[in-house]
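One structure is given below, represented as structure tokens, and several questions about it will come after.
The structure presented is a predicted model; accordingly, all values stated were derived computationally and were not measured.
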Amino acid sequence: MWNQRYRWKNRQIREQVSVIDGRKSPTLLLKNARFLHSILKKWIISNIWIYQDRIIYIGEELPKRVENCEVIDCSGLTLVPGYIEPHVHPFQLYNPQSFARFASQTGTTTLICDNLFFFLHLSKKKAFSLLNELNESPVSMYWWGRFDSQTEMSEEETIFTNSEIKSWLEHEAVVQGGELTGWPKLLAGDDLMLHWIQETKRLGKKVEGHFPGASEKTLAKMKLFGVDGDHESMTGADVYKRLMHGLTVALRHSSIRPDLDVMLKEMNELGLDQYDSLVFTTDGSTPSFYKKGIMDMMIDMAIKNGVPVVDAYHMASYNVARHYNMTHHHGMIATGRVANINFLSDEKVPTPISVLAKGQWIKRDGQNLINDPDINWKKFGFEPLKLDWDLQSSDLQFSMPFGIEMVNDVITKPYSVSLDLSIDYLPQNHEESYFALLDRKGKWRINTIVKGFVKSVSGFASSFSNTGDIILIGKMKKDMILAFKRMKEIGGGIVLAENGKIIHEIPLTLTGIMSDQSVDELIIAEEKLKELLYERGYSFTDPIYSLLFFSATHLPYIRVTQSGIYDVMNKTILFPTLMR
């Protein structure tokens, strides 16, 4: 679709109209279908004609011609629009295609995805070519246009250039700018970022914020700058503040912020009973979180918390489409829309038994179907990670009197180190571990101590990080080196070593960041990793996000970045990286 100017060519539209005239047959006829009419907010019984990927007609009539047409009697079923996940980070061990396939099986047939990984690792030409290939999937995939890297990158100004940002914003697969993790720069007077926001608005697209803990005045300023929505509410009061300023609010339920039950309860206590400006998101959760579903899980939670059934479905479909000006294609079962339809056993059971996406069955009577070709990731440069350098014992010298302490999964604060760091093995009776971030090209390193990640991990290596650089953590330097060597051997990934042996690994053969395995396989691998880390003293919820956010400067307080140890609040480098 992204290779052509219009969603349907003139010839295709003429064929669709000819189905109404009786000169052509639909390809699929849904008879006696009880479905959610999103404009009327009612359940209606009608016949639905579908031709290829588009809904052609909804009403009482039946087509004059039924040739080579599949006819389904929908009596006893309830039909709702395919669900839309508006805030997807499709690189959390899984890859965009594997996540799309997994999501579709529980009825999420449209994804609006983060472009950061593609932006950082691909040329614009390759990235846009990959978007085209991903769009061949039955799942509809749209994208963001990032304005910043959400970390302190060396030479960031040569990556996030005006021309590159604008090229992404102008691409028709991109429906929003953001998420706006660099908003403190905006407040501080960054007019280039404001220019990009202005361009986004000129193009008729949305801007999404990232405002955890923001005050009312900050939210008001962001709205004046042009921000349309935010997903960082954690309480009912947060939701209320954002609605008061006219923002669309994404109610989040994720692996690090499972807040939906709390927010819905507090919203009810505040008397918030209007849902038209609310949508759902799981905010790029890690694989095992999705065992209970995606949008279907959130709809179920909303219904059980007393949200009216129609509103619960709209927060996962119609409200999202309306926010992004996409209701001409998505978010409702109506004439002219893309044929994304979920077939339910009951309106209060949102996990579908069958799923149509772009008019194709991707789940039928409970059976999962895959009908899109595998992406040839190598064609786009996503190969196993090849490191042309080796880890030396000199890379594991720790003398910095300053360390980072974990407050929760993703927040780190400074603390003073009092340990003897000249030894090769740290005792097990405390929460401190050696920590190193190394350039994936082998040019630089930064060494410190992390407190609170684990108590007794001997050696841990990960090429999964915010920037794709290498994280090493451990008590024993020999096992840290062993974990690094194994991570290098398997082409990137996450490796846990102990007493001279590898005890677990998750290969990430797509440039060391993503896996080519299915999400179901990754769920098993991630759960095993979490079990091993819990046994060794990890006391939080999501170690994968901990790895991702060690370098993320959109959260306080101290971060380990490509530039060095970074003080987020004061915007200063405390200790620079060292050349190897």
Side-chain angles (χ1 to χ4, degrees), residues 92-93 286-288 385 387 390-393 395-398 403-406 409-410 412 419 421 423-440 445-508 512-513 515 522 525-552 559-560:
Q92 310 296 38
L93 305 185
T286 43
S288 60
L385 183 63
L387 302 179
D390 293 315
L391 188 67
Q392 308 295 330
S393 58
D395 292 318
L396 297 181
Q397 294 179 359
F398 298 84
I404 59 172
E405 180 177 358
M406 296 185 67
D409 298 72
V410 298
T412 51
L419 297 170
L421 302 181
I423 56 178
D424 290 336
Y425 178 79
L426 291 177
Q428 303 279 349
N429 61 352
H430 56 73
E431 295 182 328
E432 285 121 316
S433 301
Y434 294 122
F435 181 101
L437 181 72
L438 298 104
D439 173 32
R440 69 159 46 201
R445 63 178 171 84
I446 185 77
N447 297 42
T448 186
I449 295 292
V450 61
K451 182 178 181 180
F453 181 70
V454 285
K455 291 183 179 178
S456 59
V457 162
S458 188
F460 182 90
S462 174
S463 59
F464 180 83
S465 66
N466 192 51
T467 53
D469 297 309
I470 310 303
I471 294 173
L472 298 180
I473 301 173
K475 295 276 191 178
M476 183 182 292
K477 293 181 180 179
K478 286 184 179 180
D479 280 341
M480 292 170 70
I481 293 172
L482 175 63
F484 173 86
K485 287 181 177 179
R486 180 57 182 165
M487 182 271 297
K488 181 178 176 180
E489 286 174 2
I490 63 177
I494 299 172
V495 176
L496 192 59
E498 189 167 274
N499 299 325
K501 296 180 180 180
I502 304 300
I503 61 173
H504 190 58
E505 62 187 42
I506 303 177
L508 300 174
I513 301 292
S515 172
L522 285 171
E526 186 212 354
E527 286 188 325
K528 179 62 175 178
L529 176 67
K530 289 166 72 173
E531 177 187 333
L532 292 169
L533 291 178
Y534 291 151
E535 289 172 356
R536 286 155 181 79
Y538 183 83
S539 60
F540 305 115
T541 304
D542 196 333
I544 300 301
Y545 255 100
S546 295
L547 295 174
L548 187 68
F549 279 4
F550 276 127
S551 298
R559 300 287 149 179
V560 187

Quiz prompt | Side-chain donor or acceptor of H504 paired with backbone N/O of A525 under 3.5 Å | solution =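 Flag set: sc H504 to bb A525 pair under 3.5 Å.
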
Quiz item: Side chains of Y534 and V454: does their closest heavy-atom pair fall under 4.5 Å?
Solution: no

Quiz item: Would you say the side chain of E431 lies within less than 4.5 Å of the side chain of V450, judging by non-hydrogen atoms?
Solution: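 Not touching, per the 4.5 Å side-chain cut-off.
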
Quiz item: Under 3.5 Å, is there a donor-acceptor pair between the side chain of K475 and the main chain of P427?
Solution: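 Looks like yes, one N/O pair under 3.5 Å.
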
Exercise. Give a yes or no answer on whether the side chain of D409 reaches the backbone of T541 with a donor-acceptor pair at less than 3.5 Å.
Key: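 Between the backbone of T541 and the side chain of D409 there is a qualifying donor-acceptor contact (under 3.5 Å).
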
Quiz item: If you round to the nearest 0.5 Å, how far is OG of S463 from CD1 of I490?
Solution: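 Rounded to the nearest 0.5 Å, the CD1-OG separation comes out at 7.5 Å.
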
Self-check item: Shortest non-hydrogen separation from L421 to Y434 and the atoms involved
Solution: O-OH, 3.9 Å

Quiz prompt | Minimum side-chain heavy-atom gap Y545-Q92 below 4.5 Å | solution =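 Side chain of Y545 against side chain of Q92, heavy atoms only: contact under 4.5 Å found.
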
Quiz prompt | L508 side chain near I506 side chain, heavy-atom distance below 4.5 Å | solution = yes

Quiz item: So among N447, D469, L437, I471, which one has a side-chain contact (heavy atoms from CB on, under 4.5 Å) with V560?
Solution: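 Answer to the side-chain contact (heavy atoms from CB on, under 4.5 Å) test with V560 among N447, D469, L437, I471: L437.
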
Self-check item: S288 and E526 side chains, donor-acceptor separation under 3.5 Å
Solution: yes

Quiz item: Closest approach of T448 and G403, non-hydrogen atoms and distance?
Solution: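 What the structure gives for the nearest pair is OG1-CA, 3.4 Å.
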
Quiz prompt | NZ-CG distance between K478 and D424, expressed to the nearest 0.5 angstrom | solution = 7.5 Å

Quiz prompt | Sub-4.5 Å side-chain heavy-atom contact between L548 and V410 | solution =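 Contact flag for L548/V410 side chains = no.
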
Quiz item: How many angstroms lie between atom CZ of R440 and atom CG of L387, to the nearest 0.5 angstrom?
Solution: 7.5 Å

Quiz item: Who passes salt bridge (charged side-chain N to carboxylate O under 4.0 Å, His left out) against D395, sequence neighbours left out?
Solution: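 Only R445, R580 meet the salt bridge (charged side-chain N to carboxylate O under 4.0 Å, His left out) criterion with D395.
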
Self-check item: Residue pairs fulfilling salt bridge (Lys or Arg N to Asp or Glu O under 4.0 Å) with at least one residue in residues 533-543, sequence neighbours excluded
Solution: E498-R536

Practice problem: Among residues two or more places apart or on two chains, list those pairs meeting salt bridge (Lys or Arg N to Asp or Glu O under 4.0 Å) that have a residue in residues 479-489. | Solution: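 For residues 479-489, and leaving out neighbouring residues, the salt bridge (Lys or Arg N to Asp or Glu O under 4.0 Å) pairs sorted by first residue read D390-K488, R486-E489, R486-E505.
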
Quiz item: Is there a donor-acceptor pair closer than 3.5 Å between any side-chain N or O of K451 and the backbone N or O of S433?
Solution: no

Quiz item: Do F435 and I449 touch side chain to side chain, with heavy atoms closer than 4.5 Å?
Solution: no

Quiz item: Heavy atoms, side chains only, cut-off 4.5 Å: are S546 and F453 in contact?
Solution: yes

Self-check item: NZ or CZ of K530 within 45° of Y538 ring axis and under 6.0 Å
Solution: no

